[in-house]
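Here's the structure, in structure tokens; my notes come after.
Model, not experiment: these values are computed from the prediction.
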Amino acid sequence: MTDHFDSLETRPAEAREGALMARLPWLVEHAQKNAPGWAKRLAGVDAREIASRKALAQLPVLRKSDLKGLQQADPPFGGFVTVAPGRLSRLFLSPGPIFDAEGTGDDPWRAARALHAAGIRAGHVVQNCFGYHLTPGAWMIDGAARRIGCAVIPAGVGQIEQQIEIIRALAPDAYAGTPSFLRMIVEKAREASLDISNLKRALLAAEALPPSLRDWFREQGIDTVLQWYGTADVGLIAYESTAMEGMILDEELILEIVRPGTGEPVSDGEVGEIVVTSFNPVYPLIRFGTGDLSAVLPGISPCGRTNVRIRGWLGRADQTTKVRGMFVHPEQVAEVAKRFPQLRRARLVVEGERADDRMTLKCELDGDAPAAEARVALAAQLADALREVTKLRGEIELVAPGALPNDGKVIEDARKYD
């Protein structure tokens, strides 16, 4: 069993940088010639000149938050995909809504590195508890595991009792999914005194993993608990190794950390927005702003991988936030509020710790407070609308006029990460 997925992970940093910069002109030219959206966005750019980080930094940032509007104007992918939809492997619809394209071939999302770093090897069985419906997260793990040579249990989300039965019957070596769902599985098994001790590895994503929760999983007998970070557009961006010192960048990406709201790269160590350039020939992304915050760590990982490391997910550059693995956008909060003319302002507050996310929509009433019966009815209607728009359950709190701060904030992330 080798420690590294391939020799790319341990090459000298100068060799990696030179190889990536040498490929940049091809990527820009390929995007300009084969994707109308890129041709328009990069009009007048000489691809031959984009061969350095300095030159790359002169190009505009394409932010994830812009994709919804661009795709609506030029469906389905905004003109940024280089092949016709019928030549793709899969087409996805992620929250937003945003359409995502999967190319063909083995492991098109390049997630095998993350599984390998977690000790997952050929012959292992992976219980994949990411959602298989419409969004690509489960398929990223599915393709990566099969590339390594693993069997995959397409378990998806929900049916906790059945998930436990599967773990006991099929003895998977690893769990892949969100921290919160794994926690529910483990707690339910403990309550029922059911032995799931064969589960020794967990590869987690889509939610924050506080140190206390990671330690708790280990106390339950899950020895290796690592995170990977990616997006539905890019695929794998970075992953943890057993060294547990930051997240290591994937080999097929160029990373920039920029000042939020700008395209200006910040100094190493300074927190900013994660911007990546992906060499995916089907869905090339050039200076793609994820909206996530992080910072570059100095030096290389003790595990021997030499690529850039980031501190992990440090929040959102905009007010979009992720709740129980699903993005919630300020536009969605506005959509709920505009259905109720009696509201002056609405603010979604997300609280919780150890991956126990809770949403409360605080609604400031416009005018006199309604009678108790009317308040109950209004709260119920708001709860239904919140679930319909965000696909997530939340509580409703009706507050008096002037109770919410007049600071323009629509979503407040008040979760505690210890």
Side-chain angles (χ1 to χ4, degrees), residues 6 8-9 11 13-64 66-67 70-71 74 76-85 87-89 98-113 136 140 229-238 248-258 263-265 273-292 296 307-308 310:
D6 57 25
L8 295 179
E9 294 182 348
R11 56 184 163 168
E14 298 79 7
R16 177 182 295 106
E17 183 75 0
L20 292 172
M21 293 304 114
R23 295 171 65 188
L24 254 182
W26 169 84
L27 178 68
V28 174
E29 182 179 20
H30 173 71
Q32 289 173 318
K33 288 184 175 180
N34 297 286
W38 283 118
K40 180 179 180 181
R41 191 172 188 84
L42 301 178
V45 173
D46 186 343
R48 296 169 297 181
E49 296 181 356
I50 310 302
S52 67
R53 287 184 177 268
K54 182 177 180 180
L56 180 63
Q58 304 308 308
L59 301 181
V61 173
L62 172 64
R63 287 193 159 82
K64 186 179 180 76
D66 297 330
L67 284 181
L70 291 167
Q71 290 185 353
D74 185 8
F77 299 113
F80 296 111
V81 172
T82 61
V83 301
R87 293 179 58 198
L88 295 168
S89 177
I98 296 172
F99 291 101
D100 300 304
E102 180 185 273
T104 57
D106 294 336
D107 190 22
W109 303 98
R110 312 170 325 282
R113 290 186 190 281
M140 295 181 190
Y229 161 61
T231 73
D233 328 271
V234 178
L236 176 69
I237 293 178
I248 303 161
L249 185 67
D250 180 61
E251 295 293 327
E252 290 292 312
L253 302 175
I254 296 172
L255 171 75
E256 299 172 273
I257 304 292
V258 308
E264 176 190 349
E273 181 182 4
I274 296 172
V275 171
V276 294
T277 294
S278 168
F279 289 90
N280 183 342
V282 170
Y283 194 7
L285 290 169
I286 301 167
R287 302 206 81 202
F288 180 73
T290 63
D292 293 321
V296 170
N307 208 342
V308 173
I310 59 175

Exercise. In Å, rounded to the nearest 0.5 Å, how long is the span from CG of Asp6 to CD of Glu251?
Worked result: 7.0 Å
Exercise. Taking atom CG of Leu27 and atom CD of Gln32, what is their separation to the nearest 0.5 Å?
Worked result: 9.5 Å
Problem set entry | Residue pair Arg113, Glu9: steps toward the salt bridge (Lys or Arg N to Asp or Glu O under 4.0 Å) verdict | CA-CA 9 Å; Arg113 290 186 190 281; Glu9 294 182 348; 2.9 Å; yes
Exercise. Can you check whether His30's main-chain N or O pairs, donor with acceptor, with Asn34's side chain at less than 3.5 Å?
Worked result: yes
Exercise. Going from CG on Leu56 to CD on Glu49, what distance comes out if it is rounded to the nearest 0.5 angstrom?
Worked result: 13.5 Å
Exercise. What heavy-atom pair brings Gly103 and Ser89 nearest, and what distance separates the two atoms?
Worked result: O-CB, 3.1 Å
Seminar exercise, completed: All heavy atoms of Phe288 vs all of Leu67, minimum pair found to be CE1-CD1, 3.8 Å
For this session: Taking the side chain as every heavy atom from C-beta outward, state whether Leu88 and Val83 have any atom pair closer than 4.5 Å.
Result: yes
Seminar exercise, completed: For Arg110, the salt bridge (Lys or Arg N to Asp or Glu O under 4.0 Å) test, sequence neighbours excluded, returns Asp250
For this session: Would you give the length of the straight line joining atom CD1 of Ile274 to atom CD1 of Ile257, rounded to the nearest 0.5 angstrom?
Result: 5.0 Å
For this session: Check whether any side-chain heavy atom of Ile286 sits under 4.5 Å from a side-chain heavy atom of Ile50, and report yes or no.
Result: no
Exercise. Which pair of non-hydrogen atoms, one from Asp233 and one from Tyr283, has the smallest distance, and what is that distance?
Worked result: O-CD2, 3.8 Å
Exercise. Got Val61 and Arg287 here, is their nearest side-chain heavy-atom distance under 4.5 Å?
Worked result: yes
Exercise. Which pair of non-hydrogen atoms, one from Ile254 and one from Met21, has the smallest distance, and what is that distance?
Worked result: CD1-CE, 3.6 Å
Problem set entry | Nearest atoms (heavy-atom pairs only) where Val258 meets Arg63 | CG2-NH2, 4.1 Å
For this session: Of all the heavy-atom pairs spanning Ala19 and Arg11, show the shortest one and how long it is.
Result: CB-NH1, 3.9 Å
For this session: Apply the test side-chain contact (heavy atoms from CB on, under 4.5 Å) to residues Tyr229 and Thr290: give CA-CA distance (whole Å), side-chain angles for both, the deciding distance (0.1 Å), then the verdict.
Result: CA-CA 11 Å; Tyr229 161 61; Thr290 63; 3.4 Å; yes
Exercise. Is the closest side-chain heavy-atom distance between Asp292 and Ile237 below 4.5 Å?
Worked result: no
Seminar exercise, completed: The complete set of side-chain hydrogen bond (donor to acceptor under 3.5 Å, both in side chains) pairs with one or both residues in residues 17-27, sequence neighbours excluded, reads Glu17-Arg53, Arg23-Glu252
Exercise. Any idea how Phe80 and Trp38 line up, ring-wise: parallel (<30°), tilted (30 to 60°), or perpendicular (>60°)?
Worked result: perpendicular
Problem set entry | Interatomic distance, Thr231 atom OG1 to Leu285 atom CG [nearest 0.5 angstrom] | 7.5 Å
Exercise. Is there a side-chain contact between Thr82 and Pro284, using heavy atoms and a 4.5 Å cut-off?
Worked result: yes
For this session: Could you pull out all residues at least two apart from Pro60 that satisfy side-chain contact (heavy atoms from CB on, under 4.5 Å)?
Result: Arg41, Leu42
For this session: Working to the nearest 0.5 Å, report the span between CZ of Phe77 and CG of Leu70.
Result: 14.0 Å
